[in-house]
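Please read the structure below before turning to the comments.
What you see is a predicted model, and the numbers here were worked out from it, not measured in a lab.
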Amino acid sequence: MHLLGYIVLYPIFWFISILPFRVLYFLSDILYVVAYKIVGYRKKTVRLNLALALPHLSAKERLDIERKFFHHFCDTLVEMIKTINISEKEMKKRFILENIELVHEYEAKGKSIALICAHYGSYEWLLIMNKYLSTHKGYGIYKTIRNKYFDALVKKIRNKFDAYLIDTRAVIPAIRDHKRKGILAYYGFLSDQSPKLDSAIYWTNLFGMEVPVHVGAEMLAKKMDLNVMMVKGAKIKRGYYKATFISLEKEPKEYANYEITDIFLRLMEEQIREQPEYYLWTHKRFKHRRNDPPGFIPPTNS
């Protein structure tokens, strides 16, 4: 079945990926109508997340954000498909790295780096940063896709931009192997989603709620002697994004446990409050919360 699904879908994805952007976004507009207006894809989850994270806004204001989010969400889906055939030149034009010199400063320190990111803006297109690296290799930490054919496709696309993937279960052995071989690298961690309860070791405040958070990037940085850099994403306009790299003031081991995680979460909160429509609201980020935020009113799902 996995092979059949790949045989059926890949030609469609490939055809979409060669379309010009104006046609691509026309398809995105159609997808928006289907996903949001007709199917209502995860609309209840999105509406609840917005009510929990932004209770100070009116229902009308959150509804406006909801609609903008689904437009952006559909854009990111077609943009991910576009990555199959997009050129390096086009990607660099559409995804700006605002202070790439900081990346080179970190490379000059001679240590590998944990790059902590959120599901914000065009987090998939951040892979273009690997085309700017001088001495380090770029790796993304991910969960292997069950369909091995699509998993191989995703790896092939990443390799085109000098980006490589490491399954979450193989991170520590891979970093140890790289250290032994003298390979310097950036390891990209998407660290904003909710961990499973049985693996949650740290709870903290996020949008006025006490929730479990991922601390793997911070703990690995301390254990494996990595430097840490964070990314603040932004959307400039449709089809154009930028990323700003954020440096820590001290070495990771000089911070108390979970302090780096909290710094990242405050940065994430800041960027979400600035433009909430560009965050990935379809995940149940607050499902394990211990409290509701002040002013929270359960949303209607009509």
Side-chain angles (χ1 to χ4, degrees), residues 28 31-80 116-124 126 142-143 189-200 202-217 230-235 241 261-302:
S28 176
L31 182 59
Y32 165 79
V33 173
V34 174
Y36 181 60
K37 299 287 188 178
I38 300 174
V39 178
Y41 175 73
R42 296 197 178 185
K43 187 186 289 187
K44 290 183 180 179
T45 298
V46 171
R47 194 159 292 178
L48 175 60
N49 282 340
L50 288 172
L52 287 166
L54 307 169
H56 60 288
L57 298 181
S58 68
K60 184 178 180 181
E61 288 172 317
R62 290 198 298 270
L63 182 60
D64 182 55
I65 293 169
E66 178 184 302
R67 290 168 178 158
K68 289 178 179 177
F69 160 72
F70 273 100
H71 273 294
H72 168 70
F73 178 67
C74 293
D75 280 359
T76 59
L77 291 179
V78 297
E79 287 165 356
M80 279 190 268
I116 308 180
C117 323
H119 288 83
Y120 188 90
S122 180
Y123 53 91
E124 287 283 347
L126 183 59
Y142 87 124
K143 288 186 178 180
F189 294 85
L190 285 163
S191 302
D192 56 313
Q193 296 302 302
S194 181
K196 295 180 179 178
L197 277 180
D198 58 6
S199 62
Y202 179 56
W203 294 64
T204 190
N205 183 281
L206 185 63
F207 290 104
M209 293 166 279
E210 189 177 4
V211 295
V213 295
H214 281 290
V215 297
M230 300 177 188
V231 178
K232 182 178 180 181
K235 187 170 186 174
Y241 304 86
T261 297
D262 280 330
I263 292 172
F264 162 69
L265 292 173
R266 299 294 79 77
L267 174 69
M268 184 185 79
E269 269 195 74
E270 176 185 301
Q271 68 178 2
I272 291 174
R273 291 186 188 280
E274 288 174 358
Q275 292 181 299
E277 59 268 30
Y278 301 137
Y279 185 61
L280 187 63
W281 295 107
T282 50
H283 288 185
K284 294 182 179 180
R285 179 62 194 86
F286 309 113
K287 61 184 175 181
H288 299 311
R289 63 188 182 278
R290 287 175 173 167
N291 65 289
D292 289 336
F296 167 70
I297 300 174
T300 59
N301 292 306
S302 57

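Two residues are said to be in side-chain contact when any heavy atoms from C-beta on lie closer than 4.5 Å; S194 and V211 fail this criterion. Between T204 and E210 there is no side-chain heavy-atom pair separated by less than 4.5 Å. For the pair H119 and R285, the minimum side-chain heavy-atom distance is 4.5 Å or more. You'll find the side chain of L52 reaches within 4.5 Å of the side chain of R289, heavy atoms only. Looking at F69 and L50, their side chains never come closer than 4.5 Å, going by heavy atoms from C-beta outward. Using a 4.5 Å heavy-atom cutoff, the side chains of K284 and N49 are not in contact. Residues I116 and V231 are not in side-chain contact: their nearest non-hydrogen atoms beyond the backbone lie 4.5 Å or more apart. Looking at E277 and D64, their side chains never come closer than 4.5 Å, going by heavy atoms from C-beta outward.
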Open item on the list: Does R273 form a side-chain contact (heavy atoms from CB on, under 4.5 Å) with L54? I'd like the steps, not just the answer.
Closed with: CA-CA 8 Å; R273 291 186 188 280; L54 307 169; 4.3 Å; yes
- [ ] Quick one: do R47 and R62 satisfy side-chain contact (heavy atoms from CB on, under 4.5 Å)? Show the steps, please.
- [x] CA-CA 8 Å; R47 194 159 292 178; R62 290 198 298 270; over 6 Å; no
TODO: Assess whether side-chain contact (heavy atoms from CB on, under 4.5 Å) is satisfied between C117 and L126, documenting all intermediate values.
DONE: CA-CA 10 Å; C117 323; L126 183 59; 3.7 Å; yes
Open item on the list: Let's go through D75 and K235 carefully: what are the C-alpha distance in whole Å and the side-chain angles of both, what is the deciding distance for side-chain contact (heavy atoms from CB on, under 4.5 Å) to 0.1 Å, and is it a yes or a no?
Closed with: CA-CA 12 Å; D75 280 359; K235 187 170 186 174; 3.7 Å; yes
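Shortest non-hydrogen contact noted between T282 and T45 is O-CG2, 3.5 Å. The two residues F189 and A217 make their nearest non-hydrogen contact at CG-CB, 3.7 Å. When all heavy atoms of N291 and M209 are compared, the pair lying nearest together is O-CG, 3.4 Å. Nearest heavy atoms, W203 versus H288: CZ3-O, 2.9 Å. Taking both residues in full, the closest heavy atoms of Q193 and H214 are given as O-CD2, 2.9 Å, listed atom of the first, atom of the second, then distance. For the pair Y36 and E66, the tightest heavy-atom approach, listed with the atom from each and the gap, is OH-OE2, 2.6 Å.
Note that CG of L206 is 6.5 Å distant from CZ of R266, once rounded to the nearest 0.5 Å. Between K143 atom NZ and L190 atom CG the span is 12.0 Å, to the nearest 0.5 Å. With values rounded to the nearest 0.5 angstrom, L63 atom CG is found 4.0 Å from R67 atom CZ. For the atom pair CZ (F73) and CG (L31), the distance works out to 8.0 Å, reported to the nearest 0.5 Å. Residue L280 holds its CG atom at 8.5 Å from CZ of R42, rounded to the nearest 0.5 Å.
Counting only N and O atoms by type, the side chains of Y279 and D192 include a donor and acceptor under 3.5 Å apart. For the 3.5 Å distance criterion, the side chains of T76 and E79 fail to qualify, holding no donor opposite an acceptor.
For the pair W281 (side chain) and F70 (backbone), a donor-acceptor distance under 3.5 Å is absent. Judged by distance alone, with hydrogens and angles left aside, the side-chain atoms of Y120 form no donor-acceptor pair with the main-chain N or O of I272 at under 3.5 Å.
In the displayed structure, I297 atom CD1 is contacted under 6.0 Å by at most 12 heavy atoms of other residues, nucleotides or ligands.
Seen from the ring of Y32, K37 does not count as a face-on cation partner, given the 6.0 Å and 45° thresholds.
Using the six-membered ring where Trp is involved, F207 and F286 have ring planes that are perpendicular, over 60° apart on the 30 and 60° scheme.
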